Each structure stands twice: as C-alpha cells, then as structure tokens.
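One-based numbering, in listed order, for ligands and for the atoms of each. Since this is a predicted model, take the numbers as computed values, not measurements.
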Amino acid sequence: MSKNGTNILVVDDEVGYRTVLNNALTERGFYVKTACSGDDALEVLKNQEFSVIILDMKLPGGIDGLELLQKVKEQYNTSVLIMTAYGGIETAVEAMKRGAFNYITKPFSLDEIILNVDRMIAQYNIIEENKYLHSELEKAFGLKTIIGNSREIQKVLDMVSRVAHSAATILITGESGTGKDLVARAIHFTGNRKNKKFVVINCATLSENLLESELFGHKKGAFTGAIQTKMGLFEEADGGTLFMDEIGDIPVSVQAKILRVLQEGEFIPLGDTLARHVDVRIIAATNQNLIKKVQEKDFREDLYYRLNVINITMPPLRDRKEDIPLLTKYFIEKYNERENKRIKGISPDVEDGFYQYHWPGNIRELENVIERAITLTNEAIIPLHIILPFVKKAGGNDMFWDELFSLPYKEARKKSLDAFNTKYVMNVLNKNNGNVTNTAKEIGIERQYLQRILKKYHIKSGQTV
Ligand SMILES: Nc1ncnc2c1ncn2[C@@H]1O[C@H](COP(=O)(O)OP(=O)(O)OP(=O)(O)O)[C@@H](O)[C@H]1O
Ligand SMILES: [Mg+2]
C-alpha cells in the first residue's frame, strides 16, 4: 500500500510518546503532525484532514480524549486509535462505543502501533473509495439526471425525493419513453438502499417458466435443464431494490407468487421446500393500463393494490412541452460530447416543429432525433432538413405533420394553429353537449371570443368531433 500522502495526527501530552511515535511513523513514510492537548488538536484539524489519529485518552486542559474523539467522529471520516494508561479499560470501552477503531494500552510496542495504523489506513481508503464511487453513481443515476422545469416533472421529482427513503412499493406508470426507468434508478440511488443492489428484471421478455426461475431461483434438478442451483433475483436484491419493468406482462400464475413476497416477504425457490425471507423494495413500471387489465381479469386486483401503494405517473412529453428546450440542450450536450462536436443548438423552424409535434415516443424519441441529427451534421445550428426524415419516420403516418414540414414556415404555422383551434374547440364543445356558454367558461375565455372562433372555423355548436 502506498503511504504517500497518508497523514497521521498524534495527540499526547507527554513529549516522550509524541517523539517516539513521530519518529517511528515518519521513518515508515507517513506524514506526521503532533498536538499536545485537545484544543491544540482541534486547531490542527481546522487546517488539515487526517486519515488516522492516534489519541491519548488523558489530556490536560479543557477537552479530554473522549470529547475530542466524539468531535472528530462527528466531523470527519478519520479513523481513531486510542491509547490508554494501564487500568483505563472503562474509558477504552467507552471510546469504542463512540467509534474508535481500536485501543492499545500503554506501554505498547511499536509493532502494535504500526499493525493498527496499516489496518486503519486500509479501512480509510475503502471508505473514501466508496464515497467516490457513490458520488459517481449518484451523478449517473441520481435526481439530477431527470431534466425538466415543468410543473409536471417537478411534481415527479418531489415525489421521488419524498419516497426514496421509504421501503414502500412504488408503481411507475406512463407511456413508453417518458422516463420510468430513469425515475426507478433515481429512487434507488438517492434512497437509503443505495449501497445495496439495484436489480432489474424485464417481465415482458421472459417465458412464464423462465420468469419464475429468474425471480425465485431454483434447486438443482427442479426441472429439465436445471443443472445447477440458482439464486433468484428476489434473493439477489435482498436489502436493496428489485425493479420489475413491464409488470403488466406478468402471467397470472406468477402474480400470485409475487403477491406472497409482497405480503409476507417470503417465497420458495422452484424445487425447494424451504421458504426464503427477504427484505426487498419493489419498484414496478408499466406503460399499460393496469386498471383495465384488472377489469379484464388479466391482472390480479389484490396485486395491483399491493403494487400501487405509491403511484408515480410520468407525464407524456406533449403535456410538458415547455421542457423541450431544456431537454434539447441537455441531449445536444450529451451527444456533442460523445461525437466530439460543438453543435450549439437548433434552428427556429426546428424549435417550432419540436413544439408542435406530438412526440408519440416521448423523451426517447426526442433523444433519438437529436442523437441522429448530431451524428449527421457539422453545422453549428441543426437545420430543419436534417431533422425532417427522423421525425416523419418516428411520427408514423402523421399526414398532418408531414404536410406541415413541406410548407413554408408562416403557412405551416397558420395551418397548425387553425388545426389546433378547430380540434380543441370542437373537443370541449362536444364535452359540453354543444353548449357555448359552458364551453367558454370551461376553457377560460369570453363567450364572444369563442363565438368568433366558431364562426371563423365554421364550427356549429353541438357539432361532434
Ligand atoms: N426527464 C428526463 N431527462 C433526461 N432524460 C430523460 C428524461 N426522461 C427520459 N429520459 C431519457 O429518455 C430515454 C427513455 O427513458 P426511459 O427508458 O426511462 O423510459 P421508459 O418510460 O422506461 O420507457 P419504456 O416504457 O419504453 O420502457 C432514456 O434514454 C432516458 O435517459
Ligand atoms: Mg423502461
């Protein structure tokens, strides 16, 4: 282990001990500082962090060893080795309770000190490395990866931070590409299970039998092909989170077993007789309408309620179009980095097109469009003609959209505004059985204004969409 940069603070009021420890540790390549009292030590600690402190329990002046230990443990990730005089075992026990790494009784051999110090540094390094890894994980999967300022997405973020620390089961619903995966990860990696595993299973891609053996595991010989005993994902996720993606596709037979895990925290691996107990937080996601599946008896009602303790509904992108500029910027930066490009933004007609488009593939579609555009262009501002083929394709047979893109800007804008007015007004009017007064009230405009729109677009009140 490299000792370079490893700082040790020796705190002792006896100059003899300070000198001996200083010399011995410096000789072994450590960087050593000494302090002769608790107050002195606190002064030194203000300016510098130490991996290890070797601390005498009996110190003169205002602050004794135990108090200093407590202060250090509250503020730093430093490992503390306690030195006590012969007979000071009670203090030593108290020090251990307050988080000391170990204690040694005076007089001690230098070997004893070195042995302890090496172990303390190893532990310190592991903790530091873990802290670093976790901050990296949080950067990659935490709340900050969910981009958006709209009220809709802020509501989701608020919910995520409120539920992250609980163990309650969460059901995330929403159309494809709205960020369900992203949210599931953010919940795990910001919550108190972040040091444990985040295990993912996609329930849609596995056959009934395979799904069962994946989830619950099996014993060797449980079925043809079970050549080895295999641990299931519930067990693998013990203490952590199991993300069950596409939960709507679970066969009814497997649903009962999942219900049991949710209710009793236990299950039996295939071919086994012994139940396993686990503590797993379940996050489930689906883009299907589970209530409808319950009505059609495709999904157990009791399981639905067990899963839906907390519901997070992801808004489709078309309902939070104000986030499009921010998301666009975010994805441009992301793919600039990957492609080593310096694209600055999108042209105003692309901006307008993005705003009007209905994004059936939601954020995934927006990301894909930008990814492809960045791969293909070297212009500083992404022009419309680069975007067109992808959006058309992604939008499927959206004739209206295709047609818009072939028009000059002003004409296209007018056309889409007309289409919006017609569709919007007809829709609400229809809901209000053609009653103009009620319709105007519902959408928050004057009756006269609504009349003008109706006249302009030749809409008769009472007409249906
Ligand atoms: N708010 C957001 N900010 C940044 N990126 C996002 C956001 N929402 C989604 N994405 C990105 O969009 C893509 C699709 O998101 P995700 O996979 O989470 O969607 P999903 O709802 O799970 O879709 P599906 O139902 O198809 O599984 C991912 O690359 C994700 O990183
Ligand atoms: Mg997903």
Original post:
Are there more than 12 heavy atoms of other residues, nucleotides or ligands under 6.0 Å from atom CG of Asp158?
Top reply: yes
Original post:
Looking at CD of Glu49 and OH of Tyr124, how far apart are the two atoms once the value is rounded to the nearest 0.5 Å?
Top reply: 4.0 Å
Subject >> Between Phe299 and Tyr304, ring centroids under 6.0 Å >> reply: no
Original post:
By atom name, which N, O or S atom of Asp181 is the nearest to the Mg ion (ligand 2)?
Top reply: OD1
Original post:
What protein heavy atom sits nearest atom 25 (O) of ligand 1, and how far away is it?
Top reply: Lys180 NZ, 2.6 Å
Subject >> Check: Asn116/Asn102 side-chain N/O donor and acceptor closer than 3.5 Å >> reply: yes
Original post:
Among protein heavy atoms, which sits nearest to atom 17 (O) of ligand 1, and what does the distance come to when rounded to 0.1 Å?
Top reply: Arg364 NH2, 3.2 Å
Original post:
Which residue holds the protein heavy atom closest to atom 22 (O) of ligand 1, what is that atom called, and what is the gap in Å?
Top reply: Asp181 OD1, 2.9 Å
**OP:** Under 4.0 Å, heavy atoms only, figure out whether ligand 1 is touched by the backbone of Asn287, its side chain, both or neither.
**Re:** side chain
Subject >> Minimum side-chain heavy-atom gap Tyr335-Glu367 below 4.5 Å >> reply: yes
Subject >> Atom indices of ligand 1, in the order listed, that fall short of 4.0 Å to a heavy atom of Phe331 >> reply: 5 (N)
Original post:
Under 3.5 Å, is there a donor-acceptor pair between the side chain of Asn308 and the main chain of Leu171?
Top reply: no
Original post:
For atom 26 (O) of ligand 1, what is the nearest protein heavy atom, given as residue, atom name and distance?
Top reply: Ser176 OG, 2.6 Å
Subject >> Those atoms of ligand 1 less than 4.0 Å from some heavy atom in Tyr330 >> reply: 4 (C)
**OP:** May I ask you to decide if Pro269's main-chain N or O and His218's side chain share a donor-acceptor pair within less than 3.5 Å?
**Re:** no
Original post:
What residue and heavy atom of the protein are closest to atom 8 (N) of ligand 1, and at what distance?
Top reply: Ile363 CD1, 3.3 Å
Subject >> Asn433 (side chain) donor-acceptor with Asn435 (main chain) under 3.5 angstrom >> reply: no
Subject >> Closest approach of any protein heavy atom to atom 3 (N) of ligand 1, naming residue and atom >> reply: Ile147 N, 2.9 Å
**OP:** Among all protein heavy atoms, pick out the one at the shortest distance from atom 19 (O) of ligand 1; state its residue, atom name and that distance to 0.1 Å.
**Re:** Gly179 N, 3.2 Å
**OP:** Pick whichever of Glu371, Glu246, Glu367 has a heavy atom sitting closest to atom 11 (C) of ligand 1.
**Re:** Glu367
Original post:
What atoms of ligand 1 come within less than 4.0 Å of a heavy atom belonging to Leu327?
Top reply: 2 (C), 3 (N), 4 (C)
Side-chain donor-acceptor contacts of residues 250-261 below 3.5 Å, not counting sequence neighbours, with atom names and distances?
residue	atom	partner	partner atom	Å
Ser253	OG	Glu208	OE2	2.5
Gln255	OE1	Arg300	N	2.8
Gln255	NE2	Ile250	O	2.8
Gln255	NE2	Asp298	O	3.2
Lys257	NZ	Glu212	OE1	2.5
Arg260	NH2	Glu266	OE2	2.6

**OP:** Confirm or rule out an N/O/S atom of Glu246, from backbone or side chain, lying less than 2.8 Å from the Mg ion (ligand 2).
**Re:** no
Original post:
Does Thr145 have a non-hydrogen atom less than 4.0 Å from ligand 1?
Top reply: yes
**OP:** Report the C-alpha distance between Ser347 and Asp349 in whole Å, list the side-chain angles of each, state the deciding distance to 0.1 Å, and finish with yes or no for side-chain hydrogen bond (donor to acceptor under 3.5 Å, both in side chains).
**Re:** CA-CA 6 Å; Ser347 66; Asp349 50 2; 2.4 Å; yes
**OP:** For Gly177 and ligand 1, answer yes if some heavy atom of the residue is under 4.0 Å from a ligand atom, otherwise no.
**Re:** yes
Subject >> For atom 31 (O) of ligand 1, the protein heavy atom that lies nearest, with its residue and separation >> reply: Leu182 CD1, 3.6 Å
**OP:** Indicate yes or no: at least one non-hydrogen side-chain atom of Ile374 is less than 4.5 angstrom from one of Ile332.
**Re:** yes
